[in-house]
Amino acid sequence: MSRIFTLLVLAFFLSVPLWLTDQYYLHTLVVCGIFMLAAMSLNLLLGYTGQLSLGHVAFFGIGAYVSALTSLGFSVSIFAYQITHEPWPPVIGVVLGGAVAGLCGYLIGKLAFRVRGAYFVIVTVSFAEVIRLIALNWIELTNGPLALPGIPPLTLGFEPIGYATLWSKGANYYVVLTFIVITYIIIKRLIDSPYGRAMIALRENEILATSVGISVTRYLVLAAVFAGTIAGVSGTLYAHYIQIIDPMIFMFLNTVTMVIMVITGGKGTLAGPVVGGLIFGIAPVILRNYVGPEVQWILYGALMILIVFVLPEGIVPAIERWFSRATAKSAELAMEPGKGARS
Amino acid sequence: MTSAQNTKAILSVENVAMHFGGLIAISDMNFHVNEGELVSLIGPNGAGKTTAFNIITGFQRPTKGRVSFRGTSLAGLKPHQVTSLGLVRTFQRTNLFDKISVFDNVLIGLHRKTSARLLGTLLSLPRERKAEAELRDQAWEILRLVGIEHQAKERASGLPYGDQRLLGVALALAAQPSALLLDEPVSGMNATETGRFIELINKLRSRGTTILLVEHDMPMVMRISDRIVVLNYGRIIANGTPKEIQNDPEVIQAYLGQGVKHA
Amino acid sequence: MDQFLQHLANALIMGGTYALLGIGLTLIFGIMRIVNFTHGELYAFGAYMMYFFAVVLGLNFYMAIAFAICAGMVLGAAIEYLLLRSKRGADIDTTMLIMIGAWIVLQNTEILIWGSVAKSINSPFPIEPLTLGPVSLSSVRVFVLFVALALIAATYVLINRTKLGKAMRATFQDSSTAALMGINTSAIYTITFGLGSALAAAAGALLGPVFVVAPAMGDLASLKAFAIVILGGLGNITGAAFGGFILAFAEEMGASYISSGYRDAMGFLIIIIVLLFRPTGLFARSERVG
Amino acid sequence: MLEIKNLVCRYGKVTALKGVSLKVPANSLVVLVGANGAGKSTTLRAISGLVPAASGSILFNGEEITGRTASRILSLGIAHCPEGRRVFGQMTVLENLEVGCYLRKDTALIRQDIDHIFGLFPRLAERRKQIAGTLSGGEQQMLAIGRAMMSRPKLIMFDEPSLGLAPNIVSQTFDIIKGIRDAGTTVLMVEQNAFAALDMCNHAYLLEAGSMVLEGPGEKLINDPHVREAYLGAGLAHA
């Protein structure tokens with residue numbers, strides 16, 4: 001049942017570029033998909049392990065910068081050593097971007113998980129701010145506030161077949177969609193495995209989790225590595241799609257956007273960040289016809305507060321509950337009245 | 001009494017003391033639990049039982065002395081490492097993974113039994129799928145043993161109170177204990193629930209599980225214990241069979257206080 | 001050496017306002033355990049209120065400061081009353097998300113009302129700097145330092161010497177026993193949040209005439225306040241006061257001897273280093289309120 | 001003076017009190033005894049407004065106080081000296097006493113009352129500027145009692161005043177409590193140390209698993225085998 005539904009949704013999204021001719025809308029969907037990918041990775045930490053990481057944009061930005069610099073090349077001097085890198089194909093940049101961000105996830109995880117709760121939040125925010133300040137001030141490498149322009153778009157293919165460079169929005173759409181599907185499957189398999197269960201156990205009750213033999217740091221760090229890598233990859237896609245990046249990419253508001261996507265959709269659910277990502281990817285396009293960006297942000301902030309008060313679990317669990325109640329009710333009518341489904 | 005004299009001892013607590021600043025929670029504690037035995041640790045409120053329990057399970061480090069399980073000292077081990085030796089505890093208040101299903105609770109409990117590898121999991125290889133299926137079978141088995149299999153799909157927090165406590169034990173059992181430490185398992189239960197719990201304990205004992213019990217419910221303690229250790233003001237005042245304990249004047253005084261008259 | 005003295009003097013002056021920010025946040029974050037992302041926004045709010053009272057309404061400079069502080073207190077108490085009161089006892093994530101939402105709303109409301117162009121406030125002080133040997137300081141900055149020190153002292157007296165302060169400390173230490181003493185603990189939390197916010201607004205109102213007033217000024221202020229609180233130890237008022245001066249000093253040194261671009265990075269580095277190596281803060285041993 | 005009728009209290013799914021009724025006459029010392037978890041502390045917490053009652057009523061001098069706030073109940077004259085003393089550990093002895101009379105407006109008399117408490121407990125007087133957390137257990141108990149007396153209550157409730165105290169301090173504490181009763185303040189006390197409590201009280205109630213199972217004058221309960229069973233379990237002891 002749910003598999004059929006998932007496939008129908010996938011089929012719908014596969015068909016989008018076939019009938020959506022407006023390039024601006026398609027562009028919105030591509031950017032929305034990239035942020036959705038980042039939100040899915042954030043959900044691993046925020047939703048499944050219950051660690052409110054508010055520095056997530058650091059992984060996203062690191063991925064973007066690593067991939068951009070890999071494909072643009074750079075030349076910096078560190079302690080009198082001159083390091084020069086010739087441009088490599090963007091595909092390698094994507095791999096490297098994900099890997100470096102994943103490595104950062106490992107290192108930050110090892111360090112930051114020594115503290116919990118509010119302290120963890122503050123360490124992650126600080127980490128992202130430090131990275132932003134480096135991107136802003138290491139002008140030799142990053143070009144600082146002047147941005148890195150002219151990042152080449154992704155080129156796919158192999159020697160014997162030939163290459164295809166992704167100039168069109170439709171092609172980028174399919175690439176992003178592919179990554180979303182792969183990520184979705186990876187996270188689903190992880191969550192349904194002992195690894196994911198250990199993460200959920202740590203979220204629900206850390207002391208009890210250790211009492212059944214689960215190592216805290218091992219699984220939290222594992223989640224951070226996955227989250228970092230996926231966010232890094234989404235950053236690389238962003239860099240090659242938009243083709244210009246600047247330190248503004250590390251803005252705290254970008255993390256907040258991802259957090260809102262996860263919270264609204266439903267943290268700790270597979271579909272949550274997808275639903276939340278779609279809402280907040282598309283909402284600005286609709287809202288911009290009526291109100292300015294400030295009012296939009298005021299609405300998002302108010303919505304975030306509202307969600308916490310009214311729908312703390314998010315949209316997806318609410319729909320699921322409504323759905324199961326509806327089916328339980330019809331089953332109840334069909335059979336003898338039994339115990340109704342409880343929440 | 002040293003561990004050398006008790007070759008059967010599976011768990012031994014030697015010269016353990018615990019100080020919090022100037023406060024002495026446990027002054028000098030020595031006792032052991034033999035393989036297959038059910039020992040209860042009792043004492044009036046504030047006697048130091050919870051502290052003793054936390055020390056034995058590695059959640060707190062004693063100021064001095066040592067606790068060893070099957071000859072391995074627990075000093076410096078993290079709680080999850082103590083568990084991996086086969087010494088598994090339950091918690092005083094209902095302590096479950098509240099928001100997830102009963103079945104998934106037990107699956108989490110089975111963490112130590114998992115053989116899945118990360119890459120295999122992500123690629124969904126046959127070996128990992130088989131391991132997962134085996135894990136699920138074991139989870140059913142444990143739920144049946146505890147007697148809550150018909151509620152497997154319920155949210156843990158949705159269970160009646162007595163069943164929540166049973167699930168707590170199921171979680172501990174899933175961690176493959178060779179010795180089980182139960183912290184006030186029947187507090188707050190009604191008579192029927194307590195009855196079911198005693199049945200479960202008898203089942204576990206027939207499978208050879210060693211049990212250390214901290215409990216306030218005296219009728220139950222008297223009924224099921226092989227041996228009782230009584231703690232008062234941080235030291236052991238009695239150690240013997242239920243009958244010996246019930247008639248020990250020092251125990252009666254610890255529980256009922258110094259009276260002018262005596263029943 | 002002269003250069004160093006000048007830096008020291010600059011740090012001292014910034015430190016006063018940082019200490020105000022930090023003491024305000026240590027009451028809210030350290031004692032009430034609310035990860036308050038609106039703290040910097042209340043700082044910005046204080047500056048805007050200063051602009052409103054002093055420039056828009058043309059009130060007396062000193063009166064405008066007092067009004068701006070009061071406005072901060074009212075806004076803070078309102079935030080606690082409307083958004084946090086019903087969530088007391090909820091986990092830290094829940095209140096944190098609420099505060100992030102509130103932060104976004106406040107900041108964008110400011111942009112909506114005042115626009116994104118920076119505003120400046122004139123002070124009644126002479127422009128010529130005061131010179132003390134090798135050190136020269138603008139008189140408005142000296143004024144700011146003295147007002148900040150006075151406010152720190154007033155807060156200290158309020159908490160340690162008054163009946164309200166005793167009720168606050170009792171509530172922080174053990175709220176259910178405090179309730180048994182007849183203390184209305186809900187009201188105490190609202191008052192505490194209001195007081196913390198008033199101190200943040202005071203910092204904003206004081207720095208408004210020194211720098212300019214802009215919507216983004218709150219972002220870094222929040223994070224710096226966290227750095228100060230962590231440096232001083234959660235809930236430790238004396239620690240927060242020292243933490244403010246230490247951060248100001250670290251920033252001044254970082255900016256002048258490393259690179260001015262990294263001035264703002266010092267706070268974050270302090271957070272990361274202190275949390276990882278001395279998680280209870282540098283002043284953990286000294287007296288605590290909560 | 002205080003009357004409870006059919007009080008029911010719940011913590012989530014657990015029903016802690018299943019219809020408790022009791023009476024505390026003026027100028028008496030009434031004790032509630034029972035094993036751990038019987039619901040003794042919950043009864044006191046319900047009286048002082050810390051735990052909401054699911055049903056039933058609590059009357060104080062004929063006035064319904066169920067559902068009142070803790071501060072209202074205190075101002076009517078019911079003080080609660082909580083289990084485990086719970087002094088404000090980072091405040092001084094004097095400040096603890098001052099917080100104890102938070103609701104009082106008669107500042108002139110407060111000084112006098114503080115002096116009175118210091119007269120009762122000279123050890124506290126010596127330590128008036130000391131941080132309460134550094135006091136010994138017995139001194140903290142004195143402070144908690146003194147703090148509860150600062151509100152000039154008509155009824156004072158003690159929750160396990162002997163908990164964690166050395167035997168000689170316990171008897172000293174009980175003497176103080178008797179003194180409070182003799183001075184005209186009604187006392188309701190929860191105590192695990194059953195023999196001593198039953199010996200000193202006017203009237204006693206035995207709670208078992210959230211229900212009243214026995215009541216009567218203290219000396220009658222002391223000799224009742226049921227009390228012993230409630231603590232040590234039935235059966236074997238008499239076999």
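Quick note on labels: first sequence line is chain A, next is B, and so on, each numbered from 1.
Aromatic pair Y195(A)/H111(B): centroids not less than 6.0 angstrom apart.
The choice from V212(A), I207(A), I200(A) that makes the most heavy-atom pairs within less than 4.5 Å of chain B is V212(A). The candidate from L171(B), T83(B), L87(B), T57(B) with the greatest count of non-hydrogen atom pairs under 4.5 Å with chain A is T83(B). Between chain B and the residues A198(A), A209(A), G268(A), G196(A), the largest count of heavy-atom pairs under 4.5 Å involves A209(A).
Minimum interatomic distance between L96(B) and N205(A) (heavy atoms only, all atoms of both residues): O-ND2, 3.9 Å. Summarising the geometry of I100(B) relative to R203(A), their closest heavy-atom pair is CG2-NH2, 4.5 Å, with the distance given to 0.1 Å. A pairwise comparison of heavy atoms in T114(B) and P194(A) identifies OG1-CG, 3.1 Å as the closest pair.
With a 4.5 Å cut-off on side-chain heavy atoms, L122(B) and L190(A) count as touching. L202(A) is not listed as a side-chain neighbour of F97(B), based on a closest heavy-atom distance of 4.5 Å or more. Between I214(A) and I108(B) the shortest side-chain heavy-atom distance falls below 4.5 Å. At a threshold of 4.5 Å between non-hydrogen side-chain atoms, the residues L135(B) and R197(A) count as touching.
Interface residue L222(A): only side-chain heavy atoms are found under 4.5 Å from chain B. At a 4.5 Å heavy-atom cutoff, the contact between T121(B) and chain A is made by backbone and side-chain atoms alike. Looking at E206(A), neither its backbone nor its side chain comes within 4.5 Å of chain B, counting heavy atoms on both sides. In this structure, chain A has no heavy atom under 4.5 Å from any part of L110(B).
To the nearest 0.5 Å, the span separating NE2 on H80(B) from OG on S211(A) amounts to 12.0 Å. We find the OG1-CZ distance between T210(A) and R89(B) to be 9.0 Å, quoted to the nearest 0.5 Å. Note that CD1 of I186(A) and OG of S124(B) are 12.5 Å apart. Values are rounded to the nearest 0.5 Å. Atoms CG and CD1, from L123(B) and I185(A) in turn, are 11.5 Å apart once rounded to the nearest 0.5 Å.
Surrounding CZ of R129(B) are more than 12 heavy atoms belonging to other residues, nucleotides or ligands, all under 6.0 Å away. Counting non-hydrogen atoms of other residues, nucleotides and ligands closer than 6.0 Å to NZ of K130(B) gives a total of 12 or fewer. By the 6.0 Å contact criterion, OH on Y106(A) is open, its count of non-hydrogen atoms from other residues, nucleotides or ligands being 12 or less.
A salt bridge is defined here as a Lys NZ or Arg NE, NH1 or NH2 lying under 4.0 Å from an Asp or Glu carboxylate O, and R189(A) with E132(B) fails to meet this definition.
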